[in-house]
Amino acid sequence: MSQELNKTYEPKDVENRWYAFWEEKGLFHADENSDKKPYAIVIPPPNITGSLHMGHALNNTLQDILIRWKRMAGYNSLWMPGTDHAGIATQNVVEKQLSKEGTDRHAIGRGKFIERVWKWREESGGTIIRQLKRLGSSCDWDRERFTMDEGLSEAVKEVFVRLYNEGLIYRDNYIINWCPRCHTALSDLEVDYIDTTGTLYHIRYPIIGSKDAVIVATTRPETMLGDTAVATNPDDKRYKNVKGKKLLLPIANREIPVIEDAVVDIEFGTGAVKVTPAHDPADFEIGKRHNLLQIVVIDDSGCMTQESGDKYKGMRREESRKEIVKQLEEEGYLVKKEPHQHAVGHCYRCRTIVEPLVKLQWFVKIKPLAEEAIKAVEGGKIRFIPKGWENTYFEWMRNIKDWCISRQIWWGHQIPAWYCCDCFGDMITIFSHDKPSGTSYATLRKGGKTHEDILSSVDRCVIDKSVEPIVSKGKTRCPKCNGSNMIQDPDVLDTWFSSALWPFSTLGWPQKTKELSTFYPTDALVTGFDIIFFWVARMIMMGLKFMNDVPFKDVYIHALVRDAEGQKMSKSKGNVIDPLIMIDKYGADALRFTLSAMASPGRDIKLSEDRIEGYRNFCNKIWNASRFALMNVKGDIKKDIKGYNIFDRWILSRLNRLTREITASLQEYRFDEAANAIYQFIWHEFCDWYLEAAKPVIYKKDDADKRNITQTVMIHSLETSLRLLHPFMPFITEEIWQRLPKLGAVSGMESIMLAPYPAADESLIDDVIEEEVRLLQDVISCVRNIRGEMNIPPSVEIDILLKAEEGKRADLYRQHSEYIKFLAKAKGIKIGSDIVKPHIAATAVLKDAEVYIPLEGVVNFDGELPRLQKELEKIKKEIEFINKKLANQDFINKAPKDVVEKEKEKYRELTEKLNKIEEGIKKLEALRI
RNA sequence: GGGCGAUUAGCUCAGCGGGAGAGCACUGCCCUCACACGGCAGGGGUCGUUGGUUCAAUCCCAACAUCGCCUACCA
């Protein structure tokens, strides 16, 4: 490898090269047989249809930081990767392909369709995995899993069967969220409620045998054709006299009763609500309480049914709303229309408005599982970071409703339930593509078809609720008739059902594997708050149920990534910042560092490209600092060193303090703190001060020992910083690290990934040295300040006169005068308590020192007076503030002694400074006269 | 309706009982043999409003305002 480095860091080639190297050497692999302490994270499996967006980039950067950090810190570190089959989303993608080809899934049949999906997955499902690699993710790719894998499918079946046998899974008719476009049920979580301005229609329902009417208010007049009652609140005096009366339902001309139910809100609308048990969740419940009939007026496709009458039959629900309102208006039933704000449910996959429908579905009885999951968090077995999310979790878990797990799609884990066609042939309705109106299984058989014929041509089937399912991991015989003509339940499971098992199914469950015993429970789960319910809660429930232990100990919830204006990034808004484009432009390290530096807990990330560019510049800074180090060290480093200079000791102290801080921050998941601390250290301490201070030592040819020591400290500090930084910026750190001479524990190592994460050496943290360097920096900065303010060009050389008390700080300054001279760019320096201020000189007053820069013949001197006056004003204000405090007897008496003492000390210093400056001003003014 | 969070320099955000900070942007000087994706220096904030607790409040408490998010059978 060439030692010559380019002037700017070029990430592209570096990243590809090192990632390939790491993979080739198997450095991401965790060994289940290792006796090192395990540390494990399972990836929140990205959707196979997805491509990497900023949310993924953040999520995976943070996981990779944890994993790389722990791996370096000596843990057997496993990052379990994989993807999720994303039932509805994936099915939609492939259906779109088919549609382009002029066909659809029904035409090709279920088997062929599934084949197509697998084919699509082979070709396109790897996209996001490749993108994760570009980000630098150090996942154990040998173990990559997919939720539809054989092993994971086995886990799904096992769980289903066990939950069913325990009565925790059941099949029932219930009102569920139905997407009329996807043609499937959705769980409550899969519905997005969007605030919409709709219309509240007030409709007259005449009272039979009276001239009066009850006026109901509704946002969905099209469902009125399915009304089977009108409900009022039992406490509502306005409706006392209509209780038990019958109303005439307009248009339908049916009689419906007035009932009373406590759920009705007296304040809302007219206080009377139409009840449509088949098309509204609340009405469904009312219907159950009052034994109301369910009249289905909207079908699976969102069209009006036969039940809604000839006029409306077949009409789309949106159109029928208009038409019904029109008819009501014409017939004088419409009392008024008013705009109304409400939340309308949309399918989270396709944005279609969901239709609540009563359907036969499979559910998980969730309360018993939720109770344990609540306890695990209450008892501290799982902790959320930041802690505030625990409330969100509890809130949801305590109000949880049964989970609808069946989906009427084809791509997914088909429900392992079987029905005997011989016993129940009449109650199994078969729909085939050429005959979309269903026929009973029994009839088909009588028509001469064989069982196999029927199964091969089935497009969809409906199995009556009364047909008893036989739940089994594989096809079985009927326990009643011992027949083998079984048909499998056509539904598949909610994708999140298999995701919930991810922390143990990926480790081999239900087999008792070494992986499971080594890595379960995992250590941390890193995810966004948007899937706490979808995923985190369900993993906890399933982990506790089937592993008798929590799936992870820490749940780190990170922010959402938004654009610079705080808007959610979305393709339709056109405000997405594509992480891959950012990686191409600035490098993966810059992107990763940006995301981690901005990952403050509890706050969303407003990302702008400027920030990424800024951290790209940081990469370049590191690169050039390393260039400098390498240019000036040619095999000169030593193993054992004594005789550090002050800056050597200082940088070692700062470095070890940093190491301590970073470890503490990472332990608390404060990625932002850790990133900012190392940025500050490398740029503003190592580069700005240490390297500058090292220059005079390195450039001086006469003292080889001193030079050698500084070269060694420089390399050591750089090398240690790189290791500290590696989890954040894996690529550039490896690239530079490989070129550095190595010392001690890291010598001979193949990769920075294998090098130990730095541990702080407390003995090198030295408060005295840090204070001394601060004093030197103060002198240097104030000379530079005078240069700047007095407009002394760099080409003009100056002298420094430094008045400091002997026995106090004069020695310190004298000892390090060469550094002061070099760093302040002075040609000469004089130090002592007997220094006399020249008439024409710029002055600065520091703690324990006064600085004079003689300006006679150097530069126009006019700037000095205003400069001092500005300084004076500042100090006066500070003194005034402290004065107030010290004048307050309560403060003196009640505040802690050390605080009072500190204030007094500050007061002494400031007044001393004030006097000196005032003196200087007087002299200047005298000079002018 | 309920809950949570935010409000600090032009922008994005740390800090959270005793000296207002960072990054970017801005201003001036400088292409000084690591880096102009740079160096040095500098300007800029009554820490949302009003009360309260305290010797002391940007920080704790209460109310209000504005914004954001989550949640709900808002018919």
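Basis for what follows: all heavy atoms, side chains included, without hydrogens, waters or symmetry-related copies. Just so we're on the same page: letters track the sequence lines, and every chain starts at 1.
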A.B. asks: Is it the case that the ring center of His340(A) lies less than 6.0 angstrom away from the ring center of Phe268(A)?
C.D. replies: yes

A.B. asks: Within the side chain of Asn233(A), is there an N or O that forms a donor-acceptor pair under 3.5 Å with the backbone of Val264(A)?
C.D. replies: yes

A.B. asks: Determine whether the aromatic ring centres of Trp389(A) and Phe384(A) lie less than 6.0 Å apart.
C.D. replies: no

A.B. asks: Without decimals, in angstroms, what is the distance between Phe881(A) CZ and rA20(B) C1'?
C.D. replies: 11 Å

A.B. asks: Going by the salt bridge (charged side-chain N to carboxylate O under 4.0 Å, His left out) test, which pairs reach into residues 386-399 of chain A, not counting sequence neighbours?
C.D. replies: Glu378(A)-Arg398(A), Lys387(A)-Glu390(A)

A.B. asks: Tell me, for nucleotides 36-48 of chain B in 5' to 3' order, what letter each nucleotide earns: B for a base near a protein heavy atom under 4.0 Å, S for only sugar-phosphate near one, - for neither?
C.D. replies: SBSSSSS------

A.B. asks: Return all side-chain donor-acceptor pairs below 3.5 angstrom for residues 897-905 of chain A, not counting sequence neighbours, or 'none' if the list is empty.
C.D. replies:
from: Glu903(A); atom 1: OE2; to: Lys906(A); atom 2: NZ; distance (Å): 3.4
from: Glu905(A); atom 1: OE1; to: Arg908(A); atom 2: NH2; distance (Å): 3.1

A.B. asks: Using the side-chain hydrogen bond (donor to acceptor under 3.5 Å, both in side chains) rule, collect all pairs that involve residues 681-695 of chain A, keeping only residues at least two apart or in two chains.
C.D. replies: Asp648(A)-Tyr690(A), Arg654(A)-Glu685(A), His684(A)-Asp688(A), Glu692(A)-Lys695(A)

A.B. asks: So what stems show up for RNA chain B if we need 3 or more Watson-Crick or G-U pairs in a row, all under 3.5 Å?
C.D. replies: B:1-7 with B:65-71, B:10-13 with B:21-24, B:26-30 with B:38-42, B:48-52 with B:60-64

A.B. asks: How far apart are the C-alpha atoms of Glu878(A) and Lys874(A), what are their side-chain angles, what is the distance that settles it, and do they pass the salt bridge (Lys or Arg N to Asp or Glu O under 4.0 Å) test?
C.D. replies: CA-CA 7 Å; Glu878(A) 279 183 69; Lys874(A) 246 195 216 165; over 6 Å; no

A.B. asks: Are the charged groups of Glu797(A) and Lys825(A) less than 4.0 angstrom apart, N to O?
C.D. replies: no

A.B. asks: How far does the C1' atom of rU7(B) sit from the matching atom of rU50(B), given to the nearest Å?
C.D. replies: 15 Å

A.B. asks: Picking from rA34(B), rC24(B), rG28(B), which would you name as closest to the side chain of Asn791(A)?
C.D. replies: rG28(B)

A.B. asks: What's the gap between rG3(B) and rA56(B) when it is taken at their C1' atoms, as a whole Å value?
C.D. replies: 34 Å

A.B. asks: Just by modelled atom types, is the Ile715(A) backbone N or O under 3.5 Å from a matching donor or acceptor in the Ser717(A) side chain?
C.D. replies: no

A.B. asks: Identify all side-chain donor-acceptor contacts of residues 590-597 of chain A below 3.5 Å with residues at least two apart in sequence or on another chain.
C.D. replies:
from: Arg592(A); atom 1: NE; to: Phe728(A); atom 2: O; distance (Å): 3.0
from: Arg592(A); atom 1: NH1; to: Asp64(A); atom 2: OD2; distance (Å): 2.8
from: Arg592(A); atom 1: NH1; to: Leu135(A); atom 2: O; distance (Å): 3.0
from: Arg592(A); atom 1: NH2; to: Asp64(A); atom 2: OD2; distance (Å): 2.9
from: Arg592(A); atom 1: NH2; to: Pro727(A); atom 2: O; distance (Å): 2.7
from: Thr594(A); atom 1: OG1; to: Ala590(A); atom 2: O; distance (Å): 2.6
from: Ser596(A); atom 1: OG; to: Arg592(A); atom 2: O; distance (Å): 2.7
from: Ser596(A); atom 1: OG; to: Phe593(A); atom 2: O; distance (Å): 3.3

A.B. asks: Strictly by side-chain hydrogen bond (donor to acceptor under 3.5 Å, both in side chains), give each pair with a member in residues 263-280 of chain A just once, sequence neighbours left out.
C.D. replies: Thr223(A)-Lys274(A), Asp227(A)-Lys274(A), Asp227(A)-Thr276(A), Lys274(A)-Thr276(A)

A.B. asks: Please report, to 0.1 Å, the donor-acceptor pairs under 3.5 Å made by any side chain of residues 883-896 of chain A, with sequence neighbours excluded.
C.D. replies:
from: Asn888(A); atom 1: OD1; to: Asp890(A); atom 2: N; distance (Å): 2.9
from: Asn893(A); atom 1: ND2; to: Gln889(A); atom 2: O; distance (Å): 3.2

A.B. asks: More than 12 heavy atoms of other residues, nucleotides or ligands under 6.0 Å from CD of Glu880(A): yes or no?
C.D. replies: no

A.B. asks: Please tabulate the protein-to-nucleotide N/O contacts below 3.5 Å involving nucleotides 51-56 of chain B, giving atom names and distances.
C.D. replies:
from: rC55(B); atom 1: OP1; to: Lys894(A); atom 2: NZ; distance (Å): 2.8
from: rC55(B); atom 1: O2'; to: Asn888(A); atom 2: ND2; distance (Å): 2.9

A.B. asks: Quick test of your reading: applying salt bridge (charged side-chain N to carboxylate O under 4.0 Å, His left out), list the pairs with at least one residue in residues 616-632 of chain A, sequence neighbours left out, ordered by first then second residue.
C.D. replies: Glu613(A)-Arg616(A)

A.B. asks: Restricting both atoms to N or O, compile the protein contacts to nucleotides 73-75 of chain B shorter than 3.5 Å, with distance only.
C.D. replies:
from: rC73(B); atom 1: OP1; to: Lys401(A); atom 2: NZ; distance (Å): 3.3
from: rC74(B); atom 1: O2'; to: His340(A); atom 2: NE2; distance (Å): 3.2
from: rC74(B); atom 1: O2; to: Gln341(A); atom 2: O; distance (Å): 3.1
from: rA75(B); atom 1: O3'; to: Thr218(A); atom 2: OG1; distance (Å): 2.8
from: rA75(B); atom 1: O3'; to: Thr219(A); atom 2: N; distance (Å): 3.0
from: rA75(B); atom 1: O2'; to: Ala217(A); atom 2: O; distance (Å): 2.4
from: rA75(B); atom 1: N6; to: Asp265(A); atom 2: N; distance (Å): 3.1
from: rA75(B); atom 1: N6; to: Asp265(A); atom 2: O; distance (Å): 2.8

A.B. asks: Return the residues of residues 584-593 of chain A meeting this criterion: a heavy atom under 4.0 Å from some atom of RNA chain B. Order them by number, or give none.
C.D. replies: none

A.B. asks: Is any side-chain heavy atom of Phe681(A) closer than 4.5 Å to one of Ser721(A)?
C.D. replies: yes

A.B. asks: Given the C1' atoms of rC61(B) and rC16(B), what is the spacing between them in whole Å?
C.D. replies: 15 Å

A.B. asks: Taking the six-membered ring for Trp, is the centroid-to-centroid distance between Phe533(A) and Tyr393(A) below 6.0 Å?
C.D. replies: no

A.B. asks: Applying a 4.0 Å non-hydrogen cut-off, can you work out what Cys687(A) is touching in the nucleic acid: base, sugar-phosphate, or nothing?
C.D. replies: base

A.B. asks: Could you give the distance separating rG48(B) and rA14(B) at their P atoms, to the nearest angstrom?
C.D. replies: 14 Å

